[in-house]
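Before any comments, here is the structure.
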Amino acid sequence: MQNRISVFGSINMDLVIYSDSSPSEGETIFGNNFETFLGGKGANQAVAAARMGSEVSFVGKVGSDLFGKILKEKLELEDIETELLQAHTGESGVAFINVIESTAQNQITVISGANSHAQSDQLSDEALSSSEIILSQLEVPLQEIEKLFSRASNKGCLRILNVAPALQLSETLFNETDIFLVNELELSALSNKPLNLDDISSIKECIDSLQLNDDQSIVVTLGSKGVYVHQHNKNEFFSGHKVNAVDTTGSGDCFIGVMASNMLLSKNLFEAADFANKAASLSVTKKGASVSMPSRQEVLDFWS
Ligand SMILES: Nc1ncnc2c1ncn2[C@@H]1O[C@H](COP(=O)(O)OP(=O)(O)O)[C@@H](O)[C@H]1O
Ligand SMILES: [Mg+2]
């Protein structure tokens with residue numbers, strides 16, 4: 001039975017330093033704290049979907065270093081299948097994150113490492129056929145996503161693309177995507193139009209300019225404002241939920257993983273986005289990215 005989500009994406013070791021200030025050039029300072037987390041858009045979205053109870057397979061590359069082993073273990077602790085995860089001879093992807101605690105600002109440097117060697121043929125035709133959803137983001141080579149989505153087109157998989165970071169898509173990748181997932185900045189970049197968050201009609205104008213075909217949909221997350229969904233000439237806006245926001249890192253990834261998981265259950269994009277909006281708002285009440293992803297029960301309990 002096809003009930004699996006295959007995530008073809010990035011996985012990083014997040015190395016997070018918490019300090020009162022950032023060192024200037026040539027300066028050495030003492031920080032307050034250091035923590036490591038499973039990160040990368042692909043891995044975060046896989047965790048969000050797995051915590052919803054979905055069967056999730058992660059397809060990508062870690063390095064042959066110690067981080068690679070730890071990252072694989074972290075995925076497995078989340079009940080994510082790692083049979084198609086491969087080790088590339090070299091370094092794992094890492095993100096150096098400096099959180100300045102006094103201002104809550106952060107500085108991030110990402111090294112793609114093994115992620116830039118992820119290959120679409122890690123997913124065999126058989127593995128593709130047993131996936132109901134293929135989910136990807138733009139932190140692995142775009143031409144590999146394009147090949148994978150093209151191969152998936154006659155396999156009955158739903159192809160969901162998180163257009164993040166905001167990069168230009170080839171015509172083929174654009175046409176081979178069933179559901180686009182973007183935040184407001186990514187929608188503006190994708191449509192090459194300015195967007196005013198306070199004016200819903202400007203969101204609609206950006207979407208209209210993309211000239212999606214009848215089988216394509218788009219979901220636009222708008223931070224604390226909520227989410228806008230467009231499918232087959234039907235548009236719906238779901239307001240954001242008022243919560244005590246502590247850390248919004250990974251809220252987009254939470255939204256996407258939860259939405260994909262709910263698409264397996266109801267096949268209704270509007271219902272899935274409504275539920276994901278609730279889950280993502282819950283995720284911002286906790287610190288961290290993948291560690292703040294709620295379980296399905298936590299979402300149901302919170303909103304009951
Ligand atoms: N401050 C907030 N309060 C409530 N919900 C939030 C908040 N920030 C984000 N969210 C939820 O997370 C989703 C994704 O956030 P968004 O900022 O649009 O994504 P990204 O992290 O990709 O920029 C939103 O659609 C909303 O459901
Ligand atoms: Mg945002």
Side-chain angles (χ1 to χ4, degrees), residues 7 9-10 12 14 37 39-49 51-52 95 97 99 104-106 108 110 135-139 160-167 179-191 194-200 202-203 206-207 217-231 235-263 269-294 296 298-300 302-303:
V7 179
S10 60
N12 291 332
D14 285 355
F37 299 103
K41 291 180 195 299
N44 288 342
Q45 294 175 18
V47 169
R51 289 198 183 171
M52 286 293 122
I97 305 174
V99 179
Q105 296 297 311
N106 56 38
I108 305 177
V110 176
L135 171 60
S136 203
Q137 319 75 25
L138 308 185
E139 290 184 335
I160 305 180
L161 185 64
N162 173 210
V163 191
L167 301 172
I179 302 176
F180 296 91
L181 254 150
V182 286
N183 68 13
E184 72 280 6
L185 299 172
E186 291 144 8
L187 175 62
S188 178
L190 189 65
S191 57
L195 190 154
N196 175 2
L197 259 188
D198 294 317
D199 177 10
I200 290 285
S202 90
I203 299 173
C206 286
I207 293 175
S217 311
I218 186 163
V219 177
V220 188
T221 63
L222 308 166
S224 61
K225 289 193 184 296
V227 58
Y228 187 91
V229 185
H230 166 93
Q231 184 178 50
N235 297 287
E236 201 164 335
F237 168 68
F238 299 90
S239 293
H241 296 284
K242 294 222 177 340
V243 291
N244 179 25
V246 173
D247 179 3
T248 58
T249 318
S251 58
D253 292 335
C254 177
F255 183 96
I256 294 162
V258 173
M259 201 203 79
S261 172
N262 273 48
M263 286 300 286
L269 186 61
F270 296 92
E271 282 174 25
D274 187 17
F275 193 85
N277 191 31
K278 291 177 178 162
S281 72
L282 206 50
S283 80
V284 307
T285 63
K286 288 191 196 158
K287 267 190 151 181
S290 59
V291 288
S292 72
M293 309 290 181
R296 182 172 296 280
E298 280 177 288
V299 182
L300 293 172
F302 190 83
W303 298 102

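Residue indices begin at 1 and follow the sequence shown. Atoms within a ligand are numbered from 1 in the order they appear, just like the ligands themselves.
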Numbering as shown, the atoms of ligand 1 that approach Thr221 to under 4.0 Å (heavy-atom distance)
14 (C), 16 (P), 18 (O), 19 (O), 25 (O)

Donor-acceptor pair, Ser188 side chain versus Leu185 backbone, under 3.5 Å?
no

Students should be able to answer this: which protein heavy-atom is nearest to atom 23 (O) of ligand 1, and at what distance?
Asn183 ND2, 2.9 Å

Do any N or O atoms from the side chain of Asn196 and from the backbone of Asp198 form a donor-acceptor pair under 3.5 angstrom?
yes

Of all the heavy-atom pairs spanning Gly39 and Asn44, show the shortest one and how long it is.
CA-OD1, 3.7 Å

May I ask you to identify the nearest protein heavy atom to atom 25 (O) of ligand 1, giving residue, atom name and distance to one decimal place in Å?
Gly226 O, 3.0 Å

Which of the ligand 1 atoms, numbered from 1, are nearer than 4.0 Å to a heavy atom of Ala245
1 (N)

Closest approach of any protein heavy atom to atom 27 (O) of ligand 1, naming residue and atom:
Asn277 OD1, 2.6 Å

Heavy atoms only: which of Ala279, Ser281, Gly252 is nearest to atom 14 (C) of ligand 1?
Gly252

Just go through Ser224, Ala276, Ser251, Gly223 and tell me whose heavy atom is the nearest to atom 24 (C) of ligand 1.
Gly223

Of the protein's non-hydrogen atoms, which lies at the shortest distance from atom 4 (C) of ligand 1, and what is that distance?
His241 O, 3.3 Å

Does the side chain of Met293 come within less than 4.5 Å of Asp253's, by heavy atoms?
yes

At what distance is the nearest protein heavy atom to atom 11 (C) of ligand 1, and which residue and atom is it?
Ala280 CB, 3.6 Å

Main-chain N/O of Val284 paired with Ser251 side-chain donor or acceptor, under 3.5 Å:
no

Ser10 side chain to Lys41 backbone, donor-acceptor under 3.5 Å
yes

Of all the atoms in ligand 1, which lie at a distance below 4.0 Å from a heavy atom belonging to Val243?
3 (N), 4 (C)

Taking Asn183 for the side chain and Gly223 for the main chain, is one N or O donor matched with an acceptor at less than 3.5 Å?
no

